[in-house]
Amino acid sequence: MQKYTILLITLLCATFVVAESTKVHISVIQKGSVDNYLAMMSNENYQVIATKNAVEDAMRATTVDIKENETLFFVESFSHMQPKLEGEVARLDNIIVVQLPIPPTGHSHYPEKPELYMKHIPMSENEGAVVLKNITRATGPNPGDLFHLSTHNVNIDRNFLKQKLEELSGAVPVTIGGSTFRIEERRSSTGRMRARAYLTREFQKIGFEVREHSYTQSWYQGTNLVAEKKGKNADKFLIISAHYDTVSTAGADDDGTGIIGILAIANALKDIPLDYTLRVVCFDQEEIGLVGSQAYARDLNSSGELNNMIGLIQLEMMGYDRDNDGGFHVIDCNENTSANLSDTVIKTVIASKVKLAMVPACTNRSDHASFWRYNKPAIVISQNFFGGDSNPCYHRGCDEVANIDYTYMQKITDSVAQTVRNIIASK
Ligand SMILES: [Zn+2]
C-alpha cells in the first residue's frame, strides 16, 4: 500500500508545474480512510478532493475557484472494482485519481451536468495546479455512531407536525382571511403566496413577529418570509431555515418537513426566555437555484447584519427513513466556519434517548451554502439522502403526506430544537 502511494505521488508531482497561489474554497467530501490519502497527497502543488461518492456527486458538492490552466483532481474511493473512469490518471487499490478539466470560464461552479466535463484531457507539462492549504477538518463522532438524546425541556409534538404538514402540503384545506383553499403546490406565484399567507398566520399565532423579505436576484423576483422572537441580546441572532417552494409538487417531504420543523421549533421555544434572538427564515425559490437564500445572505451582508448572525441551521427533507435505522445527515462539508455548529448538534444528539445515526455526507445543494460564500457558520440537516435511503418520491408527484414518517421527523426536529435551545437560551 505505502509503496504504491509513493509511486502515485511521484507520478503526479512529476507531471505538473507549480502555479501561483490562488484562493480555493474547498469542501472535503466525506471522512474516513480517504482522509489519510488526502493528507498524504495534499501539498502545495495541487488540489485534491477526496470522496467516497461518485465523482459526479463530489463535483456538485464542491465549489472551486481556480484560474485558467489550473488542474483539479478528484480522488475517488470505491468499495468494489469499477470500470476505468474517463479522466482517470491513477488507481491504487480502491482509490482512484481523476483529472477534471476546468470549465471554460476558468472559474465557476460546476454545472448540473458534470459529465460534460468528464472528458479526458491529456496532461501536459504546461498544466498548472491549484494550491491546497490550511484545511481544517471537523472533528466529530465516527460515521454511523448511535447517539441518545433526552428531550427534557423542549418537546416537539408529533400531532402538531402532522396537522401542520397536512395543511401546508394541501392534504387538507385551510381557511385564511375568509377564503378556503388547498395549498396544492408551492411553485406558482399563487401557490407560494398561499403558503406565505398560511405561514404568516401560523407564526403570528405563536407570537413571532413576521415580515417579508422581497428581492430581485438576477432575473428572479421572490419573497422570503422571516419570523422572529427577540432575545435579551436582540441584535445577535441564530437562524433556523428551510425552503417553502417546491418543484410543482405538494412537497410534503421536500421541504414541507423542513418548514413545519422550524415552525414546530419556534412553537416549542415560544415561552422560553432567550439570550439571543431566534430568527426563522422560510426561503423562496430554493428549487431554481438557492435564489431566495442568496438574495437574503447578500442583503444581510450589505446591511452589515450578517456580522450578528451566530449561525444558520437549514432543515431539508426529514420525513423518510425506510430502513428505520435513524440515519440522518448533519452536513458542514468540513467548512472551517461551520464545524462548531455541527458539533453542537452532534453533542446534543449524543445526550439523547432517541436513536439517530449520523451518516456523513457533503452537499451545497441547499440554502445553507449561500452563507458559506460569506464565511458564516451554516449547516444542513436532512434524512439519509446521500447514504442510500433517500425518498423515492423526491421531486415527484408522490411527495405527499401519506409517505411521511412522523416519528422519524419528530426525532430530528426534537434534536434540532434542543440544539437551538442550547445555543440561544441559558435557562
Ligand atoms: Zn429541498
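In listed order, ligands and their atoms are each counted from 1.
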Could you pull out all donor-acceptor pairs under 3.5 Å where a side-chain atom in residues 378-385 meets a protein atom, sequence neighbours excluded?
| unit_1 | atom_1 | unit_2 | atom_2 | d |
| --- | --- | --- | --- | --- |
| Gln383 | OE1 | Asn391 | N | 3.0 |
| Gln383 | NE2 | Asp253 | OD1 | 3.4 |
| Gln383 | NE2 | Asp253 | OD2 | 2.8 |
| Gln383 | NE2 | Met317 | O | 3.4 |
| Asn384 | OD1 | His329 | NE2 | 3.4 |
| Asn384 | OD1 | Gly387 | N | 2.9 |

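Remark: Lys230 NZ is packed, more than 12 non-hydrogen atoms of other residues, nucleotides or ligands lying under 6.0 Å away. No more than 12 heavy atoms of other residues, nucleotides or ligands shown are found within 6.0 angstrom of CZ on Arg187. Within 6.0 Å of the OH atom in Tyr276, the count of heavy atoms belonging to other residues, nucleotides or ligands does not exceed 12.
Listed here is the closest heavy atom pair of Glu212 and Arg196: OE2-NE, 3.4 Å. Of all non-hydrogen atoms in Ala171 and Val401, the two that sit nearest each other are CB-CG2, 3.5 Å.
Of all protein atoms, those that are N, O or S and lie under 2.8 Å from the Zn ion (ligand 1) total 4.
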